[in-house]
Structures are given as structure tokens and as C-alpha cells.
Amino acid sequence: MASSFLSNTTISFSCSLSSSPLPRLLPSISFSPIRFKPTPRRILTVRSKIREIFMPALSSTMTEGKIVSWVKSEGDMLSKGESVVVVESDKADMDVETFYDGILAAIVVGEGETAPVGAAIGILAETEDEIAEAKAKAASKSGTSTPAAPPPAPSSAPAPAPSKPTPGSAAAPVAEGPRKTVATPYAKKLAKQHKVDIESIVGTGLYGRIKPADIEAAAGIWPSRINARPDVVAEAKPAAPPKVTAAAAATFSSLPPPVPGSTVVPFTTMQAAVSKNMVESLSVPTFRVGYPVTTDALDALYEKVKPKGVTMTALLAKAAAMALVQHPVVNASCKDGKSFTYNGNINIAVAVAINGALITPVLQDADKLDLYLLSQKWKELVEKARAKQLQPQEYNSGTFTLSNLGMFGVDRFDAILPPGQGAIMAVGASKPTVVADADGFFSVKNKMLVNVTADHRIVYGADLAAFLQTFSKIVENPDSLTL
Amino acid sequence: MHSTLSLSQATTVPRSNYAFDSHSPSFALSKPINLRFCGLRREAFGFSNLTQSCSSRVRISSRGHSKKIVASAGNNGTPLKSFNYDLIIIGAGVGGHGAALHAVEKGLKTAIIEGDVVGGTCVNRGCVPSKALLAVSGRMRELQSEHHMKALGLQVSVAGYDRQGVADHANNLASKIRSNLTNSMKALGVDILTGVGTILGPQKVKYGKVGFPDSIVTAKDIIIATGSVPFVPKGIEVDGKTVITSDHALKLEFVPDWIAIVGSGYIGLEFSDVYTALGSEVTFIEALDQLMPGFDPEIGKLAQRVLINPRKIDYHTGVFATKITPARDRKPVIIELTDAKTKEPKDTLEVDAALIATGRAPFTNGLGLENINVVTQRGFVPVDERMRVIDANGNLVPHLYCIGDANGKMMLAHAASAQGISVVEQVTGRDHVLNHLSIPAACFTHPEISMVGLTEPQAREKGEKEGFEVGIAKTSFKANTKALAENEGEGLAKLIYRPDNGEILGVHIFGLHAADLIHEASNAIALGTRIQDIKFAVHAHPTLSEVLDELFKSAKVKAPASSSPVSEPVAV
């Protein structure tokens, strides 16, 4: 930590000679060990001799800081290394020193006020002649610095009155005259956190007060109703007579009341995670391709290897992995909507229901392990999953997912693509089916319907069809699986 | 046991405040034994029904002692006079109870007068039921903290509570402690006289219930221990439903969505902990410029960072709540705020409920102070450092003492009890002055805050005046194994001391179980133990007490350790 300081000081000194960098502030830690990253910011000031004092980043998580007190006041001479201001971060209070000699020309952010990291909090002038200029600059600063430190709601200035009828606009948010905005403490906190202008919100709480939920709605953090949200905001914005907005908000927040006698069981952590993933999956454009696969040969092989502890799951995972080797795009994923991420390993996640939970233990490098090792691995994973001892690596490293409902007699189904993967395969039951061959002979073969859901941003129809064809060939000639 | 009692009585102790002295081995021996028996006795009588023979035996023995005392008093030169009692205590709160128990131990024939319920504020409307609510809030807080639970590997689905169940827990606890207190006094032979006590003149008290004839009793010494009631500033209309004091809040008749708490001292802070854990949002209204004005500034700041900022709490400082109107006619509670300096109206709040926690006012109504020419000061009974009551002319009123909230020296239950014990020591012939700087205080938030002695600014001021240097040592709970195992590493212990001689001036703790940890420091202050000596005391590992161990060890004391803190080292 100390060394990082030192290197920084030297850098900024050399800079100060050549160009005019901002006066970087050196926080001297007065309390517990706190690591902070000095972010080298280079914003050139208008004139070389008037410098802005910025809100420093005192910890990696700090986004804004509160000025506890100014050690120096306007007009004071500052010399290098002196404490100028005490800043309170999310972790501790720290004295902040300056690297520059000069005069504290103006304080932009006063004591008790808050400013985001990097915002100018004071202006430093090198000589007395420049103080006036610096002050002008400060005035413009404080004028333009918008939502940094909104005065605590309606308190401080009683003169300009809470109702501010802008001339010419009838769209005042509250048209009922001088009624002031009432927001609960948590609502105010949330508004600040999500940078929501509290004056623009119409409260739905008791006595028209603004509740935390109102802010959450306005900030767009309403995970359970992610779809309904944006429209409502659009509706609320035009804000003609306040009654309409209130009504809109009311319809929006009122789901039909629960049927009498119903019980509400909140999600467990795992169920919440499933819910979140499922909603997220809606943002991916997916399509599905189905393929019938003849399984007589596979069934015969299964009967042979079953005594050695091989399961159908392992056979299918192995077959899918071998097919994926030939079709790497199906094993790829699209992380940012702009590129393909080709995965170096073929990790087959297999969806299983264990004790009422849905979990996807991952068979890593399924293409490289032989069938017996794979079966053994799978057994271990299932045991661990039962004991809830799966490590994150063992359930979230999948590159392709296999979901099999065949054992229930399901003949076909459609799977949802898990976020972060390119494709998922849904396997139905293998059933005796009458087949007519090219010569017109009828025969009865075991057929299994396989349905793959894929991300169309990276996997196209032909890719998926080719992959399924390969998969089908491997299953129909399964000897390669045992190699 | 009784022989040790009389022994300790006979021993003269040169120093006050229980300072152990190697010259009086009998005292040093008997004292801890007495204390332990006292504790045991209280426990045993509190929980089991006494057999008749047992209680009568105790009574006989106490009578025997009272005779002895009268004789010894006669030796001291007081004219022999027959009183109904040796000691009458007006008020059966924690202070009166502590005094009564110690008086019996000292062989005094004792009566206690109570006009309301035994136990006083602490047991019925204060510390005790609030601890029940805080026990609930602590658990709720833990269960609701998904992050905390996850870090421990626990999964909990949404925690909920049943308001009536929580309220019953608080109420049951209060009645249990109340009956323990009553039984312990009855069992020892303390007469509990029911009715409002009024002082008629020197050594004379009348008491009686409304509508019944009064009785008059006399006693050699009288202790006033009438306590206090919640203080409600002018302009605030308390309706007991939406505008309430701690008396009402402890019944937890409803949990408002949004409650304003006027005053951010101990009471306000503890209730904010309870209400936010139960789902309320809280707005603090504080007349001073800073929240938690009574605390050491550094601790206060940390407490604010942990107990206020991340919770659903906001605050208005530097304002008075000049007018509070309860909710009625489909209107919320309306609070008018006035700037504390300019006295100009500043803001109006609309909330669901308001809790008035602006402190407590002494309760001395009907006490008959005018009969002995005593004038209260802001309601408090003026006393000297030995709790002797001072009359309007500045003279001591003989045989009259006042302890606890009624004298306003230190409005804490255990301070009242300590003052009561100190008075009993005096009336039984041992001069004793209580060192109030050794009395710890605690605020049972999550985590807790505790303190003893001076704050840093007070110590610095004293140091400047008396010309000594002030040293500060701090340790963090983050380095404590037990705290980390509990995943509760947030906390700070701060030691204020004299580097020249190692005297402990003050200790302030914010962190897990701070209220229990403070006693190592308060005992050290009470016994005059210096840092250079206590730092050699051993603490079990891993325990939270190591926070203090480390604190003492990190102090830089120039004085050497005393030659032999233990008189005879024991080899194992």
C-alpha cells in the first residue's frame, strides 16, 4: 500500500512539472487498514494555475463521499502534504491532503454534503490574483453539479416553496397546490442510491406518501414484474392529471388478491436462483430443432455395460460430447451479444431433480473421459448433490446441458436455454415405433425424440441440424462410445 | 455465613470503594463470599417456593442483627430511640431493592414502601422488557440478513414474527423478574409496605393507599428511591396510541410502518433497533447537532455507520419537535420541527407514530419534601457525594438520603443500586463514597455499545486542567477469532488512559457483546487496577474478552508493573 502511494506521488510530481494535471489528493489513513485504488484521472483544467480538488476514491467500493469537515477554509494558504478536508467514505473517515501549494479559493461542496467520486469539491488557486477567476469557476461548478447533493428534500429553503409551478407547463407533478412530497426514510435512501428524482414520483402509500416500492418501480428494479415495468413508466411520465398516474400506478401494483385460503411460500435461495435464471433467459433469442434417433443399438450396448455401472445418462452425455467435438459452435456461447466464445472444454451439465430442487451437476471434459470414468464421476456428483456439497465449479461450469425426461414416459419436450450456454438438449423416452424403410418394408425400431434449444445469435439452423445428425449417427453406431 | 457477616461489619476499611487492602485480610476474604451467597440466595428464593421454616429462620436471624446494630449505633453516640425500622426505603425499584438486600445483609431491620408495582421502571417499563424486545430484534436481524446467513452457509426462508407473541415475551419477562424481586425481599424479611410514601418530618414517613387510612412509621434512616418517569416536552400530546413514550412502546401494541423517534440517546437508539428489525422505518429527531450525543465521538460515529446509515433510518438533527399531534380524523401524526438555534419553524413531518425518548424526569410528586424544607432542582432531589439530601439552605438533612434517578446523578438502574449499597455502608458505620466513573453503561443495540469512565474529549479536558498526558489505544473486533467465527467482526474497543501511571480513564466498546465485555474495564477502574498490571491477566482463547486483552496490551504505559500483583505465586 505504502509503495503504491510512493509510486503515485512520484508520477504526479513529474506530471505537475510538464503538464497541468489535476491536483491528486493523498488520503492519509487514520483508522483501520483500508485498501484503496488511487484512480489516475486526467482532466485538464482550463488554466494551468487553477486546479480542482476532486473527491478521491478512498476504497474500491466507494462511489460517493461525504465531506465531514473542511480543515481549511476559503482563502487559506495550503502547502503540500497538509490536510485539507476530512472525507467520510463507506468505510471510514480520512484526512485528505493536497500535493500542491496554493490558496483554497473556493469550496464547492460544503460540510455535510455528498459528492460522487471524481467530482470537484474545491478549487485551488496558485496566486491571489486568480482567486476571483477560481471563484467564478466554482460558481459554475456548483451550478452545474446536479444530482450530487440534492438538498435534503424540502427542508432548507422555505422561500422558493415546495410547489414550483414552471411557467407555461401544466405538467407539474403534483397539481394539488402546496402539498409537499412526503417520502419514507428508506424511500429517500433508495432514491439517492438509484438517482431517482423524488419530486417526480407520485406516492402510492398512505396519505399519498412515497414508499420504497414506488422508488423501486421508478428505478426499474422490480425483478418479479420485469416485463410489466417499462410500459408503466412510459405511462407515468406524461403525467397529465395526477389522478391518472395514481390510477396507473395502482393497477400496476395490484395483482389480483390471493384466493382466500391460499398460502404464500417464499422462494428458497435455490428457487430464487432458478427464478432469476429463467427470467434472464427471456432476453436470448432461441429456436428449437427436433430429431428422431433410433436407439436399438444403444439399448443393446446399455444392457451390456449396465453391470459395469454405466448409466444411460453417462451414455447420452458421452454421445453428446463426442458430437460437440465435431460441432464446436454448438458448444460455444454468446456472452456479450457481439462475439462467439468458443469453450476449450466440453462440460456437459445434466439437469436433475434432487429432493425437490433442480440442479445441474457438470461432467467436465465429457469428451475426454471414457464411459466408465464418466459413469463413476456422475455417481459421485449425484451423491454430492444429495448431500448439498457440490462446489460451485461442479454445477456452474457447464457449456452444454442435457435434460432427460424419458424415464417418465415423456415422448418429447422443450427445454429453456440456461443463461451463458449455447444449447440445451431435451431427451424424450425411447419407444418402439413402426418404421417403413426405403424398400417399403415395415419394421419396429426403438425411436427417441431429441429436441435441442439453441441461441440463434451464434447457432443457426443448419449448425444444429448437422450436430443432431452427428449425434444420431453416434447413437445408432454406439461402439465408438466405449472406445 | 452470618459470622462472616458480623466480621466484615466490625472491620474498618481505610479506603473507600471496596479497595482491597492487604492489611485487612478478613475483609478481603469475607467480601467475595458474602457477595456470592447473596447472589445464590436471590436465585434460590426467586425460583422455588420457600418452606415456612426456612423463611422464619431468616427472619429471626435478621431480627437478631438489628439488635446488634442498634447497640453499635448507640456506641457511635446517637441517642437511643425506638424506631419502627432501622431503614425505610421509599420506592421498590432496582435501587431500593439493592439497598434493601444490602441492608438486611448488614443486619438492619428494613421496610420498603411502594405505591405502584415492585421493580420500578427498570423491571416493568424499562431495561427488562426492552431486553426481551431486543432479544427478538437481534434474532430477526440475523435471520433477515441473507448475506450474513449465506456467509455461514445457512439457508433460511423469510423470517416472520407474531407481534402479540413478541409482546407477551416482554411482558412475561417483566412479571417473572418482578416476582423474583418481590420474593427475594420477602424471603429476607424486608417488609413491603404498599402505598405512596410521604415524608412527614425527620425520620418519619406516612404511607397508604388511596381511600384507606394512612399509617405512620418511623425509621432511623430514610432513603428516597422514587425514580423517574418519561419526560415529555411541552407541545407534545401523548395519546398512548400513536404518540407514545417508552412505557407504551414496550407493550408493543402495534408496529407502525413509519415511526419518528424524538431523541437519539440510549432509549431512542434501542427502540430504533427494535422497530427497524420488525420492519418499521424510523426517523430520528435530535435537538443537538449530532446523533447519539452522549457517546464518545469516535464510537458514536462508528455506531452511526453501522446502526443508522445502512438501516431504514433517516434523521433531522439540530431541531426540536415543538408540536406533535396524534393521528386522528384520518390524518397521520404531525410533527412540527423548529430549528434549535434560530427557533424558526423548519419542517413538518407526517408519520404513523412518534416515540418520545427525550429522557426521563425525576418522580418526586407527593413525597412531602416541603415538610423538611427541601427544594428540588429541575425536579431532582439535591444530594451531596454521599447521597445525603441537601435542604433549601444548603444544609444536610440528617438521616435522609436519595438514590437513583430521583437525584439525577447517573440515571441507570445499577447506579441506583450501587448508590443504595453505598448509603447502607454509611449508615452502618463505614464511610463510603461511590466512584461514579467506575459505573459502566450499555446500549443494547445490535451490536451493543458500552462505556465506562470518561470520553476522549472529557479526558483531554481533564488532562489539560490537571497537567497529564492522555493516551488512546484501540483494537478492532476484526482481529478477534471469536468475533470472526460469529461473522461479527464489526467493532471497536477504545481505551483512554494515562501513559505516565497507567490509570484507566475510560473504555468504550462497540461490537458483539460489548455490554458484557465492559466489566473487565469497570472493575479495573473501581479497584484502581493499572494497565501495566492487568495486561498480565490471562484471557481464555478464543473469546471476545481477548479484545480487551489486546487493548490493554497495546497501551503504551511508562510505569513499570507492580512488583507482585499476586501476593503468593502458585506453582503448578
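In what follows, every chain begins at residue 1, and chains take the letters A, B, ... in the order their sequences are listed.
- Note: B/Arg311 leads B/Lys150, B/Arg311, B/Glu344 in heavy-atom pairs under 4.5 Å with chain A.
- Each of B/Thr348, B/Asp257, B/Val156 has some count of heavy-atom pairs under 4.5 Å with chain A, and the biggest count is that of B/Thr348.
- Annotation for B/Arg139: atom CZ does not count as buried by contact number, only 12 or fewer foreign heavy atoms lying within 6.0 Å.
- Remark: B/Leu291 CG to B/His316 NE2 distance equals 11.0 Å, nearest 0.5 Å.
- Only the side chain of B/Lys301 comes within less than 4.5 Å of a heavy atom in chain A; its backbone stays farther off.
- Between B/Glu281 and A/Arg209 there is no salt bridge, since none of the side-chain N atoms of the basic residue sits less than 4.0 Å from a carboxylate O of the acidic one.
- For B/Asp352, the parts sitting under 4.5 Å from any heavy atom of chain A are the backbone and the side chain alike.
- The side-chain contact (heavy atoms from CB on, under 4.5 Å) test with B/Ile324 singles out one residue from B/Ile334, B/Val262, B/Val351, and that residue is B/Val262.
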